[in-house]
Amino acid sequence: MIYLDNAATTRIDDEVLAAMLPFMQESYGNPQSQHSAGRVSANAVIAARDKTAHIMGCNPEEVYFLSGGTEAGNTALKGVCAANGKGHLVISAIEHPTLIESAEDMRKFGFEITYVNPDKRGIVGVQSVKDAVREDTIFCAVMAANNEVGTIQPVEEIGDFCRERGIFYYCDCVQTAGVLPMPTKHCDCLGISAHKFYGPKGCGAIYLKRGSKISRLISGGMQERGFRGGTLNAAAVVGLAAALEKAEKNRAENNKKIAALRDGFVARALAEIDGTHLNGDGKLRVPSNANISFDGCDGENLLFLLDLKGIAVSTGSACSAGAVTPSRVLTAMGLDERRVKSAVRFTFGKYNSENEIDFVINALKEAVEKIRAVRS
Ligand code: PLP
C-alpha cells in the first residue's frame, strides 16, 4: 500500500511501540493502585507527563491526558460553557467537527455561536475574529492548521487578542503537534492527539492553563487530579510522550523531507495533469498536505480508483446515511461546487519515499483520464 492519508492517522513508530509494550504485558498495574505494580505504571505516567509538559512549554500540572483530539475539543468547549452557564462562542468555520458539533450541542442550551469564515486561501483573518467577538463572548476556537487544506492560522495573534478580552481561547493543535511549535503561551488550552504523530490511537493530551474557568466533562474517579475520570491507559500515555519526543527531536529533518516529497508531487500533478488546482495557500500550509481539485472528476471516484491501485488518499466530504455532503471547509473557503466535489487530499508522512511518487502520478493520470472519458 502507498499510504498518503497521514492527516487521518499515521503508522505507529517501532520505537514508540517498543516503549509501550512493557506497560501492556509485564507492568500492567492500574496507575491509581497503591501497590508497587500500580506505582510502576504511575511513575511511567509521571515521566510521560513531564516530557509532554516540557515539549508543550508548561507545568506538568497543566497537562491532562485524555482519549484524543475529539475529547480535547469537547472538554474545552463544553467545560467552558458549563462553567459560565451562558454566553457567546466564536468558532472558525474550518474547525474539525469536534468543535462545530460541540458548539451545536451547546446551542441547545441557549449558547449563541458565530462562525468565522476563512478567506479564499483557507486562512482565518485576525480581524474577522475581532469583528465576531461580542461583549458576552466566552470562548473562541481557531485551529493551528486545518486538517483538509493544511493551512496555518494566525493563532498567536488571535490568542493574544482573546487574552486581552478575557475570552477563553482553545487551539486545536492536532495537525501541528510535532510539526510546528506549540502556541502554549498564547492560549488557555490546546489539544493534541498521539495517532497523528506516529503514536497510538485513542490517546491525546491537553494543556490547560492553571486557574482556567472550566468544568470537567467526565466525572468519575480522581484520575487527572479529579478533572477527567477514567483509568489511564498508561501504555498509550507512554506512547504519546515517546512519539511526541521523537517527532520534536526530528522535526526539522522530517518537515524538510516531507515538504520535498509533497512539493515534488504537487509540481508534477499540476504540470502533468490538465485542469488541476491546488486548494489552500501554497506556502502557509503544513509540509504534509496537498489538496488538489481535478476538473471533470468526482473526488470519491478518484479515491476509489486509487484505492484499487493500493493508494490511500481521502476527500473532505462526509458520508452519512449513504449521502455524501461536500467538504464544509472548501465550501467555507468560497470555492465553487465543482471544485469542492473534485477535491482529493494527499497527506505525506515520514514513511513515504520518493519512488512512490512516480507510481502515484501515473495512477492519478490514468484514473483522471478514465473518469473524464466516461463523463465526456
Ligand atoms: N482535530 C483535528 C484538526 C483533526 O484532524 C482530528 C482528527 O482527524 C481531530 C481533531 C480528532 O482527533 P482524534 O481522532 O484524536 O479524536
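Residue numbers count from 1 along this sequence. Indexing begins at 1, ligand by ligand and atom by atom, following the structure's order.
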Contact region, His195 to ligand 1, non-hydrogen atoms below 4.0 Å, reads side chain

Would Lys246 pass as a cation-pi partner of Tyr198, given that its NZ or CZ must be under 6.0 Å from the six-membered ring centre and within 45 degrees of the axis? no

To which protein heavy atom is atom 16 (O) of ligand 1 closest, and what is the distance rounded to 0.1 Å? Thr70 OG1, 2.6 Å

With ring centroids as reference points, do Phe348 and Phe265 lie under 6.0 angstrom apart? yes

Taking 4.0 Å as the limit for heavy-atom contacts, which would you say applies to Asn147 with ligand 1: side chain only, backbone only, both, or neither? side chain

Among all protein heavy atoms, pick out the one at the shortest distance from atom 1 (N) of ligand 1; state its residue, atom name and that distance to 0.1 Å. Asp172 OD2, 2.6 Å

For Gly68, the ligand 1 atoms with a heavy-atom partner under 4.0 Å come out as 15 (O)

Ring of Tyr64, cation from Arg225 - is the NZ or CZ under 6.0 Å from the centre and inside 45° of the axis? yes

How close does the nearest protein non-hydrogen atom get to atom 7 (C) of ligand 1, and which residue and atom is it? Lys196 NZ, 2.8 Å

Applying a 4.0 Å heavy-atom criterion (strictly less than), which segment of Met143 is in contact with ligand 1: side chain, backbone, both, or neither? side chain

Of all protein heavy atoms, the one nearest atom 15 (O) of ligand 1 is Ser193 OG, 2.6 Å

So which heavy atom in the protein is nearest atom 4 (C) of ligand 1, and how far is it from that ligand atom? His96 CD2, 3.3 Å

May I ask you to identify the nearest protein heavy atom to atom 5 (O) of ligand 1, giving residue, atom name and distance to one decimal place in Å? Gln175 NE2, 2.8 Å

Less than 4.0 Å between a side-chain N and a carboxylate O, is that true for Glu71 and Arg228? yes

Students should be able to answer this: which protein heavy-atom is nearest to atom 13 (P) of ligand 1, and at what distance? Gly69 N, 3.5 Å

Ser92 and Gln153: side-chain donor and acceptor closer than 3.5 Å? no

Side-chain contact test, heavy atoms from C-beta onward, threshold under 4.5 Å: evaluate it for Phe168 versus Leu89 and give yes or no. no

Side-chain ion pair, Lys365 and Glu272, N-O less than 4.0 Å: yes

Electrostatic pair Glu253:Lys256 at N-O distance under 4.0 angstrom: no

